[in-house]
Structures are given as C-alpha cells and as structure tokens.
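Report on the following structure.
Each ligand, and each atom within it, is numbered from 1 in the order the structure gives.
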Amino acid sequence: MSGVEVRAVSKRYGAASVLDAVDARFPEGRFTSLLGPSGSGKTTLLRIIGGFVAPDGGRVVIGGADVTAVPLWKRRIGMVFQSYALFPHMTVAQNVAYGLNRRGIRGAAARAEVGRALELVHLTGFDARRPKQLSGGQQQRVALARAIVTKPRVLLLDEPLSALDRRLRQNMQIELKRIQRESGLTTIFVTHDQEEALTLSDTVAILDRGRIVQEGAPADIYEHPRTSFAAAFLGDANFFRGTVRGEAIDTPAGPIRIAGALPAPGTAVTVAVRPEKMTLLSAGPDPAGNVIDATLREIIYAGAVSTFLLTGSDGAEIKVLSQNRDLAGPAPGARVRLAWAPAHTVLLAD
Ligand code: ADP
Ligand code: MG
C-alpha cells in the first residue's frame, strides 16, 4: 500500500499563503504529475509529502497511515531534486550506495542492489566514474538510481528533466516512464511543462496559486478544462464571452452553441475552443454546428502543422491549428469562416 493522500494541507511563509487547504490523491503504482506555473507551490507540496518541510495544517497519508508526524527518513520516500545534488567526490556506485550505507547495508548486499538500480537506469558499467565524467542525462539517471535503490514506497521527482536540452529531455521522458512502469513505484512528478505532464502521466493535478484546480486523466483535463486558467495553462485555447439567449450563447463573434445543457437565459458565460478543433472554410455552404466570420492575418508554417492567426468580427484574436495535408488555402487578408462542433465548445466555470 503506497498511495499518497494530502488532506487540507496548508503552508504559509510569513504573510504569504503558499498552499491553501490542498486536497489531492496520488494513486498507488501510478504516475501523477503536479502541474503548475512557477511559484504555484509545487515544490512546497512535494517537500511536505517527503517530510522535508512540515505543513502548518492538514495531514499527509501514505498507504493509509497518517505520516504527518513521521520524520522523513522513516517515510520510505525516494526524491530526485531539480539540481541532481550528486556528491561530486564520490563515484557513481558510491553515490547510489549512499542511502543503503546509511541504513547499514554494505558490502556484497549493497553492491548487488546498486547493480540492479544501475541496470534499471541503463548505466551498468559506469560504477567507477565520477559525476563530472558524466553527461547531464547520465547524472540525472544516477540521481534516479540513488532515489530508488533503497526501495522506497513513493518516488518524488521535482522537475528532474528541466536542466536537460530538448532532445535529451525527450529521451529521459521515455526512460522515466519505462522505469516507473518496471518498478511499479507510486510516482509524483512536479513540472511546469504541460506537454511533459500530458505525455508522462496517468493523472495530472493542476496547481494554481496554492490550490488544486483540476485533477484527471491527461485527455480528460485537456478536452474538458474546468476553468479558463486550466484551459490556457494546459495548451492553447480560444475564449468567447457572451450571454445565454435561447439555444445559443450570444457573443460579439457570433452565436455559439454547446453540446450540453446551457445555463438559464441571461447568464453571462465563457467558453473555450481548442485551436485544433476549428476548421478554416473559404468557400461552399455552411456546415452544421458553429460557424463564425473571421479575417486571416498570418500563417505560421511549422512543417507538419500550420498555425493560422485570425481576428473575429469583434476584433479578438483567434488561433487555428491545422495539419498540412496540402498547402493550398486562403492567404493572409482573406475573409474566411471558422467552423467547429458544438461538442468541442467547453463551457467554463468562471
Ligand atoms: P513552485 O515549485 O511551484 O515554483 P514553490 O513551492 O517553490 O513553487 O514556492 C511557492 C511560493 O512559496 C513562492 O512564492 C516561493 O517564493 C515561496 N517559498 C518557497 N519556499 C520558501 C521559503 N523557504 N521561505 C519563504 N518563501 C518560500
Ligand atoms: Mg519548484
């Protein structure tokens, strides 16, 4: 049993509230990302779970047992910090063995465990090197081996890939996912990178100014963001504000329909539409669903896809993402129509 739960966890530094009664569940054996902008309290929450920082209020529960008062060395947590924090004067094997030695495991028993951990991170044969003789990605894998060698119940990762360049980061994402799968460790992964959170996680929890604002499977929170913060932070979104009138929402860009039930007539609402859900029409009859007029301003070509920047009839910017099956299409300055399905219109709670 190694699921993690935080219940009404609060933390202040001086007058500033960093975490405000945070409730969250990190299921056993799953990979959960804690996603939020810089300063939203991710590191603080992770350190409270690990026992490095005490909360002002609330409880931390691991495997069903309240560990709020349990010191960090008894929590059986493995942690990887953003800076790898390897011991520079020690070899790879000594770095990885550090936690074992502190628990009194030495000699052949320790060597066997270190060997297994290095094998898991694909660093067999690197035992005698020192950190400065390794690449950034290899150092990160040593830090990971050091965190898992003691067989923790929970693995805490604080932006472990952010210091790596793009290509290496992508390789390490795949590695991390494999290691998590093979080890079956309950993993909490802190990141401010939405793409990383979407690709790696079973579950994503979005943190905004010390509160979890949404939690769910990646596709679920991407397709159905609850607030404009979640919609904008997790990818791109076009927002439309308007008032419910009859069957549609009356917005300055035109009437917009949603698939579900609308609030009462007269209610002011905001909806979001992802850029890849919209289609650019230049000729032909209007399709069913939502259609609004727009003017094409700019096309940003990026190989597989292009981003179209448009302005709606109200002057607001609209972004459309389109796959480049062929490059024939309207040019900047053209008057076009934008179409999308009512089911792709997300009614936001704020
Ligand atoms: P994140 O990891 O999401 O970037 P942090 O948890 O590191 O956020 O920090 C959240 C807020 O708490 C920030 O405003 C930060 O300045 C503040 N903070 C974090 N640790 C301390 C500390 N030890 N003393 C004072 N303020 C802190
Ligand atoms: Mg942080």
Side-chain angles (χ1 to χ4, degrees), residues 4-26 31-62 67-68 71-72 75 77-86 136 139-140 143-144 146-147 152 154-166 168-169 172-173 176 180 186-201 203-216 218 221 225-235:
V4 178
E5 245 181 277
V6 296
R7 297 182 187 153
V9 161
S10 298
K11 183 72 188 173
R12 306 181 72 83
Y13 284 114
S17 169
V18 175
L19 297 174
D20 180 15
V22 171
D23 289 304
R25 292 167 44 81
F26 305 94
F31 195 116
T32 307
S33 284
L34 204 50
L35 174 71
S38 176
S40 56
K42 306 181 295 295
T43 295
T44 305
L45 185 56
L46 206 65
R47 286 173 174 268
I48 286 173
I49 293 169
F52 297 87
V53 169
D56 297 332
R59 320 303 305 168
V60 177
V61 177
I62 301 179
V67 299
T68 317
L72 75 103
R75 288 193 190 186
I77 294 282
M79 176 128 183
V80 176
F81 300 91
Q82 188 168 346
S83 58
Y84 322 130
L86 297 177
Q139 290 182 35
Q140 191 53 269
L144 203 55
R146 189 178 57 177
V154 179
L155 183 60
L156 305 178
L157 306 166
D158 193 357
E159 312 220 20
L161 310 182
S162 60
L164 308 176
D165 64 45
R166 189 179 160 79
L168 202 51
R169 199 164 67 229
M172 275 303 290
Q173 286 174 0
L176 201 54
Q180 193 272 332
T186 303
T187 301
I188 307 176
F189 177 83
V190 159
T191 181
H192 66 270
D193 181 329
Q194 50 109 358
E195 201 179 308
E196 201 162 85
L198 289 178
T199 353
L200 285 173
S201 320
T203 306
V204 179
I206 305 179
L207 198 62
D208 177 26
R209 287 167 293 171
R211 298 207 71 124
I212 303 263
V213 293
Q214 194 166 357
E215 212 175 335
I221 56 171
R226 213 152 39 213
T227 61
S228 43
F229 173 82
F233 191 64
L234 206 72

Could you check [atom] against the protein and tell me its nearest heavy-atom contact, residue, atom and distance included?
{"atom": "atom 12 (O) of ligand 1", "result": "V18 CG2, 3.2 Å"}
{"atom": "atom 7 (O) of ligand 1", "result": "T43 CB, 3.6 Å"}
{"atom": "atom 8 (O) of ligand 1", "result": "G41 N, 3.2 Å"}
{"atom": "atom 27 (C) of ligand 1", "result": "Y13 CD1, 3.2 Å"}
{"atom": "atom 4 (O) of ligand 1", "result": "G39 N, 2.7 Å"}

Report yes if the side chains of [X] and [Y] come closer than 4.5 Å at any heavy-atom pair, otherwise no.
{"X": "I48", "Y": "V60", "result": "yes"}
{"X": "V80", "Y": "L156", "result": "no"}
{"X": "Q173", "Y": "L161", "result": "yes"}

Next on the checklist: If you scan the protein for heavy atoms around atom 20 (N) of ligand 1, do you find one that is closer than 4.0 Å?
Outcome noted: yes

Item to check | Protein heavy atom under 4.0 Å of atom 15 (C) of ligand 1 | outcome: no

Checklist entry - In terms of atom number and element, which parts of ligand 1 are under 4.0 angstrom from non-hydrogen atoms of P37? => result 3 (O)

Next on the checklist: Within the 4.0 Å heavy-atom shell around T44, which atoms of ligand 1 are there?
Outcome noted: 5 (P), 6 (O), 9 (O)

Checklist entry - So, R211 and D20, do they make that salt bridge, N to O below 4.0 Å? => result yes

Checklist entry - Can a salt bridge be assigned to the pair K11 and D56 using a cut-off of 4.0 Å between side-chain N and carboxylate O? => result yes

Item to check | T43 and D158: side chain donor to acceptor below 3.5 Å | outcome: yes

Checklist entry - Side-chain donor-acceptor pair under 3.5 Å between S162 and Q82, yes or no? => result yes

Item to check | N, O or S atom of T43 closer to the Mg ion (ligand 2) than 2.8 Å | outcome: yes

